[in-house]
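Comments concern the structure below.
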Amino acid sequence: TTRRTLTMGGAPPSSAGVLKRALKTPFALHVLFASGQIFVLTVICASCGVFAEPMRSRQFPGHLGPSMFIASIGVAAFVTDWHWRRRCKYEGRLSVAAAVVYVTGETLQAGLTKGRVLSFYVKHGLHAWMAAVVGVCGVVLLEAAPKFKAAPHVWFAAAWSFFIYNHKQPNDFGILMHWAATAWILVGAALRVLNEDAASGTAYVLAAYTFFGGQLGLTLAAEANRANVGSYVLAWHVLPIAVIIGYIRLFGPSSRGTPAAGAATTAADIEQQNAEQRTRLLLFKEEEPPL
């Protein structure tokens with residue numbers, strides 16, 4: 001485009017024009033929208049004094065990271081029409097990467113600050129073991145067969161429930177927020193079993209936000225201000241629903257045209273569906289009785 005413009009005697013495209021076109025791409029919109037959410041959550045935490053004390057500030061990344069992981073899987077489930085193999089590959093790679101990053105980080109921390117690793121995982125490694133479950137679920141997703149593509153979501157939901165049961169909280173705000181997140185994780189897994197991927201994705205976004213809202217600094221601030229527990233939990237449902245609406249408006253069917261049910265949306269998806277169709281035809285021919 002630039003060469004053609006120069007040949008015709010026109011001015012080369014400006015940096016502002018290139019940036020404007022780049023910002024209109026789906027990837028750029030995802031990055032901007034995600035960055036905006038992180039900014040809003042950071043402002044909320046700062047206004048509640050989360051960063052004023054080390055004990056509270058340490059929980060900010062500890063809740064933001066898992067929330068981003070859960071939300072990433074959720075958002076992809078309801079803004080894309082991927083073939084199930086592509087979705088499993090995306091979720092599997094994301095799960096393995098998240099597990100490796102977390103377990104590696106906690107292992108280094110245990111080794112450098114406490115001088116012990118094995119005993120740490122035996123006595124205090126609750127979060128790392130949960131991350132390990134995420135990792136092995138990711139491996140299964142990468143090797144998923146049609147009948148088992150939803151199974152890792154069920155395993156994750158069950159393990160998450162045990163994790164939250166053993167994750168002690170200092171007040172009712174923390175207890176209810178963590179169990180609200182667990183409820184949405186369970187709903188999301190159940191919807192995956194029913195092949196309702198889009199609805200499952202919205203449940204995971206709700207789980208991500210309620211888990212983030214259950215961090216120590218925010219729940220202590222709510223308790224100090226004598227907030228109503230139920231109101232606090234419901235308030236943390238309003239924001240993710242607004243975010244879901246935003247994603248649907250930006251990336252939903254109305255923004256890209258509504259494909260037919262089960263239709264492939266990329267060349268890779270089309271090739272995958274063609275390959276599966278050829279396999280079914282071959283199996284049918286093999287099973288056809290001779291005349």
With a 4.5 Å limit on heavy-atom distance, are the side chains of [X] and [Y] in contact?
| X | Y | value |
| --- | --- | --- |
| I248 | F78 | yes |
| S95 | I73 | yes |
| H30 | F251 | yes |
| S57 | E53 | no |
| K149 | L141 | no |
| M177 | F211 | no |

Can [Y] be reached from [X] by stepping across I, L, V, M, F, W or Y side chains whose heavy atoms are under 4.5 Å apart?
| X | Y | answer |
| --- | --- | --- |
| L216 | L176 | no |
| V96 | Y90 | no |
| V100 | L94 | no |
| L218 | F51 | yes |
| F33 | Y209 | yes |

Could you give the side-chain donor-acceptor pairs of residues 156-167 under 3.5 Å, partners two or more places apart or in another chain?
from : atom 1 : to   : atom 2 : distance (Å)
W160 : NE1    : T182 : OG1    : 3.2
S161 : OG     : A157 : O      : 2.9
N166 : ND2    : F162 : O      : 2.9
H167 : ND1    : Q169 : NE2    : 2.6
H167 : NE2    : H127 : NE2    : 3.2

Count the heavy atoms of every other residue, nucleotide or ligand shown that sit under 6.0 Å from NZ of K168, and state whether that count exceeds 12. yes
[atom1]/[X] to [atom2]/[Y] distance, rounded to the nearest 0.5 angstrom?
| X | Y | atom1 | atom2 | value |
| --- | --- | --- | --- | --- |
| L29 | L250 | CG | CG | 6.0 Å |
| Y102 | F69 | OH | CZ | 13.0 Å |
| C88 | H153 | SG | NE2 | 6.5 Å |
| F173 | S231 | CZ | OG | 9.0 Å |
| D172 | N228 | CG | CG | 11.0 Å |
| H83 | K89 | NE2 | NZ | 11.5 Å |

Flag, side chain of T104 to backbone of V101, donor-acceptor distance under 3.5 Å: no
Looking at [X] and [Y], what are the two nearest heavy atoms and their distance?
| X | Y | value |
| --- | --- | --- |
| A77 | G201 | CB-CA, 3.8 Å |
| C45 | Q215 | SG-NE2, 3.8 Å |
| A128 | V103 | O-CG2, 3.8 Å |
| W155 | C137 | CB-SG, 4.0 Å |
| A207 | I70 | CB-CG2, 4.4 Å |
| V133 | V136 | O-CG2, 3.1 Å |

Verdict with supporting geometry, T80 and R87, side chain to side chain donor-acceptor pair (under 3.5 Å): CA-CA 9 Å; T80 66; R87 191 177 307 287; 3.2 Å; yes
For a quick test of your reading: what N or O donor-acceptor pairs under 3.5 Å do the side chains of residues 236-245 make, sequence neighbours left out?
from : atom 1 : to   : atom 2 : distance (Å)
W236 : NE1    : Y232 : OH     : 3.4
H237 : ND1    : V233 : O      : 2.8
H237 : NE2    : W184 : NE1    : 2.9

Look at the aromatic rings of F212 and F60 and report parallel, tilted or perpendicular, splitting at 30° and 60°. perpendicular
Suppose we screen for side-chain contact (heavy atoms from CB on, under 4.5 Å). Which residues come up paired with L191, at least two apart in sequence or across chains? V187, E196, A199, S200
Any salt bridge between E91 and R192, counting N to O under 4.0 Å? yes
